[in-house]
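Right, one structure below, let's go through it.
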Amino acid sequence: NYDRKFIDLSSAPKSDINLEELSLHQSCTNKAQKYACIFVHYDKDSLISSDCVHHIEKLSEYCDVFFVSSSELLETLPEEVRKIKPFCKQILIRENSGYDFGCWSHVIRNNYGQLCEYEGVLLANDSNWGPLDDFSDTFVKIKQLLTEVDFIGLTASTTPSWHLQSFFVIYSKRVFNSSYFKQHWFNIGILNTKFDIIMTYEVDWSNRLKRLGFIGTSLYGDSSTANNPTHVDWKNLIKNNYPYLKKELIRDNPLRIDLHELPTILSSYKRDWQYCILDYLKRYNKEESDIAKSLQPNNLTHEQSAKNK
């Protein structure tokens, strides 16, 4: 996965993550929102792109945002960090140790006491473009459900067993304040392989919470039959107010999903997502891919072009 820089560490032993802080900005001290969000960022060029700023700004309408980046060079780029300061409670730049789960763990360990005060704590990352419109539908659903269930994701997968996909999961105060949750997240370590990371910290974690009696659910898609829904069912998800488009789907499309309707769907939004996606694909040397060509302005239909002007 390009975004997360997973590599094979099969010969390396399991060890604790590095908790060194390269840079820490505390933007404000007061609790302003009902929910907290720990938002993980990684960019190979150490940029905070315009769509990432949009993502954080929209999250800040519902959450106090604790931003954490494993793009280590951001420490030397204050002009990049400045873009998100108005929307973040805290900004941490750290060594790329433990990937997303290491980032979430680091912030939880550093801020556990104050995070316990929130009605819910959201763990999210930048592996999607979005929200394509806004988060209103998502957080209306969360508000309705969080009194009845304990942890909520946007989507679930049944491969290899039921679990919430980790890019957006919110935990109720009941779960977050439990001794089991604290023990788990204070002991996130460096595992040997990408497979170990996914199985231990995504698949097994959901199942362990369920065995403890906590109730989990997903907001979008059919969680009983879902198999990588952010790829396979991307179009139906978006039609049902799902807020995201998966970067891996557009960049690599490993399952060879039909994307011919994507330009038309994106043109229905106010934000110029075509530009954001094309800029990203160019930075990943994918500007000559079929999907990039289909998103070029000269390939849009007359109706789409008129709308984007």
### Query
In chain order, what residues pass the salt bridge (charged side-chain N to carboxylate O under 4.0 Å, His left out) check against E117, with sequence neighbours excluded?
none
#### Entry: side-chain contact (heavy atoms from CB on, under 4.5 Å) involving S97 - partner list, sequence neighbours excluded
I17, N18, R94, E95, I190
### Task
Consider only side-chain N and O atoms of N110 and Q90, and report whether a donor and an acceptor are under 3.5 Å apart.
no
### Summary
Residue set satisfying side-chain contact (heavy atoms from CB on, under 4.5 Å) with E288, at least two apart, ordered chain then number -> K293
### Task
Taking side-chain contact (heavy atoms from CB on, under 4.5 Å) as the test, write out the residues that go with R256, two or more places apart.
none
### Task
Only one of K246, Q165, K247 passes side chain to side chain donor-acceptor pair (under 3.5 Å) with S127; say which it is.
K246
#### Entry: Non-neighbouring partners of F195 that pass ring pair (Phe, Tyr, Trp, His ring centres under 6.0 Å), sequence neighbours left out
none
### Query
Looking at residues at least two apart in the chain, or sitting in another chain, which of them share a salt bridge (charged side-chain N to carboxylate O under 4.0 Å, His left out) with E57?
none
### Message
I'd like to know if L212 and F151 are part of one continuous hydrophobic network [Ile/Leu/Val/Met/Phe/Trp/Tyr, side-chain heavy atoms within less than 4.5 Å].
### Response
yes
### Query
Which residue pairs satisfy the side chain to side chain donor-acceptor pair (under 3.5 Å) criterion with at least one member in residues 73-83, sequence neighbours excluded?
E80-K83
### Query
Judged by modelled atom types alone, do R109 and S105 share a side-chain donor-acceptor pair under 3.5 Å?
yes
### Message
Within 45 degrees of the ring normal and closer than 6.0 Å to the centroid, is that where the cationic atom of K182 sits relative to F186?
### Response
yes
### Task
Can you sort out the partners of W129 under ring pair (Phe, Tyr, Trp, His ring centres under 6.0 Å), two or more places apart, ordered by chain and number?
Y280
### Message
Could you work out, with side-chain contact (heavy atoms from CB on, under 4.5 Å) as the rule, every residue matching L145, not counting sequence neighbours?
### Response
E148, V149, I152, T217, L219
### Message
Between S166 and D100, do the side chains contain a donor N or O and an acceptor N or O under 3.5 Å apart?
### Response
no
#### Entry: Counterpart residues, side chain to side chain donor-acceptor pair (under 3.5 Å), relative to Y242 (two or more places apart)
none
### Query
Around atom CZ of F135, are there more than 12 heavy atoms of other residues, nucleotides or ligands at under 6.0 Å?
yes
### Message
Just checking F214 against Y180, ring centres under 6.0 Å apart?
### Response
no
### Task
Using the test ring pair (Phe, Tyr, Trp, His ring centres under 6.0 Å), find all partners of F87 that sit at least two apart in sequence or belong to another chain.
none
### Query
D137: what forms a salt bridge (charged side-chain N to carboxylate O under 4.0 Å, His left out) with it, not counting sequence neighbours?
K141
